[in-house]
Amino acid sequence: MKPALQFGLKTSMILPGIAVLPRNLRIGTLVSFRVSAMGSKRSLSNSSVPVSSSIVEDKKDKKLKGSISTNQDLEKGAVKENGVKSSLGEIQRFKDDPAKIETMTVQELRSTLRSVGVPAKGCKRDLVYALKCFVDTKIDGENSLAVEEHVSCFSAESMSIQSKVKNLSEEEHVENVNTDLEVPSLPRHKGRIKKSVAEGNAVKVDAKMVTTKQKLSIKSDGVSGGKFSQAKRTSEIVTEVVNVDEVNLPIVKTEPWTILAHKKPQKGWIPYNPRTMRPPPLTRDTKYVKLMSWNVNGLRALLKLEGFSALQLAQREDFDVLCLQETKLQEKDVEEIKNLIDGYDNTFWTCSVSKLGYSGTAIISRVKPLSVRYGLGISDHDSEGRLVTAEFDSFYLLNGYVPNSGDGLKRLSYRVTEWDLSLSNYMKELEKSKPVILTGDLNCAHEEIDIFNPAGNKRSAGFTDEERKSFGTNFLSRGFVDTFRRQHPGVVGYTYWGYRHGLRKTNKGWRLDYFLVSESIADKAYDSYILPDVGGSDHCPIGLILKL
């Protein structure tokens, strides 16, 4: 079997029915068995749909550090906390009169949010926005993360553990275990339980854990010639029952990207939340292509990570084409790992030859392109493996990794006077025959909204005046559209967080990754989105759904 590409998905977003356990497991016995399953045509849902696993609890009562409280009021459809009573009727009144939320004090907002299990940090604007989002989802049929029957989650605001949890049932379920996740969660209890655990505390649980491994096969039904069509999926699941002697669950803040994080926020700015800001799925009879891009910051490092694999990422996101940057591979490595996902048989890799183990880009597609070319056709620019171009029936797709200006801005002049201009001219030449899509790590936060601390990074690579001006002059002013910014004006969404100081946990990031498209197809961009819950790199994936 070909080696599986392990993409560590640091799932900070807790989805319905999901519980996860971190990497520090002491694993005992191992039993495995196989189950086969057939899927239908690809799901168009925005959320992940991985195969569920289950947890089998020992007969002994399980002890936690501290305790977790079971709120009996949840069985009656209401939650009480800090003297605030929240019911469907009260939420309905907020829905009928949204102005009432604006008139609430900060203390009232925080009390109300805590009563329904929603994190209550930030200024009044953040609190108002959070309560409005909760009201909208509650009325639309979705429950609070703290009271939803299918969800086990931890409140980032809670600072105590109050009771005991006993005897988990064999019927309880968890998602595939991600051993490199930032936000672990306990298995959900049969009853409706609100779990409040202080951030940073560890919880020990004795349990048997079931994990799954998947071999994903996608049949393209003879798709070729650069044309996209619906595909059928077959998945083979290998389930492993693991006896876990002890599990430590460090608690961290959930979904930090939903809180506005910016040193100099402007009026009207709001944080990007893919759960509430993505449009509904397209109908099955709508023709479209789904593109994804990810700076993986070293593919071999991802191969060694435990957790979700590329197969599971493909099943969750169901992309047609995946573009990778900063693979850091050498040409000798490509043959061994080039066929990462069954059904995505068209893979195209370019590696740096001037500096080994550096840069590198790849396109992985289930559709065979009409043609493929590497680089810009200029020797001065093409020794670092920074560009792959795939021609499809209705557009050119360029996967690029733009040179970083580097420490001390040593490559700033090269980047803004040579590379950017050459890439721009190349794109305009291609555009004479069909529309162009440029994706990848473009190494520029174009506007102040695209970086957490604009004032402190004026002379940092990626946010200098020269780079920002070049980005505007060579790309935006020449008719290429920033699809995310057009769809989400005034929305703060980051795609890169430096490893230093744990900036991802506080959402202090940059937006460096883009989908730029020719103006002629900009209106066909149905959804340009960010997946901040996917970890394993200092960047997260981005996506574009384009109607055809």
Side-chain heavy-atom pair F463, W510 within 4.5 angstrom cut-off: yes
Within 45° cone of F452 ring axis and under 6.0 Å: K263 NZ or CZ: no
Distance-only polar pair, side chains of S424 and R478, donor-acceptor under 3.5 Å: yes
Pair D420-S470, side-chain donor/acceptor within less than 3.5 Å: yes
Answer with yes or no whether the side chains of N507 and W497 bring together a donor and an acceptor at under 3.5 Å. yes
Closest heavy-atom contact between G536 and L302? O-CD2, 3.1 Å
Salt-bridge contact R485-D450 (side-chain N to carboxylate O under 4.0 Å): yes
Parallel, tilted or perpendicular, judged at 30° and 60°: which one describes the rings of Y272 and H488? perpendicular
In terms of side-chain heavy atoms, does T495 have a donor or acceptor partner in D513 at a distance below 3.5 Å? yes
Whether over 12 other heavy atoms sit under 6.0 Å from Q107 CD: no
For Y426 and T389, does a side-chain donor sit closer than 3.5 Å to a side-chain acceptor? yes
Check the side chains of E326 and N295 for a donor-acceptor pair under 3.5 angstrom, ignoring hydrogens and angles. yes
One thing to verify: whether D523 and R486 come together as a salt bridge, which I'm taking to mean a side-chain N less than 4.0 angstrom from a carboxylate O. yes
Is it true that atom NZ of K355 has more than 12 heavy atoms of other residues, nucleotides or ligands lying nearer than 6.0 Å? no
Quick one: closest heavy-atom pair of V481 and A522, and the distance? CG2-CB, 3.9 Å
Any side-chain donor-acceptor pair under 3.5 Å between S111 and E108? no
Minimal non-hydrogen separation, E467 against S460, with atom names: OE1-O, 3.9 Å
Around atom NZ of K428, are there more than 12 heavy atoms of other residues, nucleotides or ligands at under 6.0 Å? yes
Would you call the rings of F471 and Y514 parallel, tilted or perpendicular, where under 30° means parallel and over 60° means perpendicular? tilted
Could you walk me through whether C444 and R468 satisfy the side chain to side chain contact (heavy atoms under 4.5 Å, CB included) test, starting with their C-alpha distance in whole Å, then the side-chain angles of each, then the deciding distance to 0.1 Å, before giving a yes or no? CA-CA 7 Å; C444 180; R468 296 167 63 196; 4.2 Å; yes
Nearest 0.5 Å please: distance from the CD1 atom of I545 over to the CG atom of D320. 9.5 Å
With a distance cut-off below 6.0 Å to the six-membered ring centre and an angular limit of 45° from the axis, does R386 pair with Y401 as a cation-pi contact? yes
For a quick check under 3.5 Å, do S359 and S352 share a side-chain donor-acceptor pair by atom type? no
Return yes if a side-chain donor-acceptor contact under 3.5 Å exists between K264 and N453, otherwise no. no
Give the ring-plane orientation class for H539 versus Y496, where under 30° counts as parallel, over 60° as perpendicular and anything between as tilted. tilted
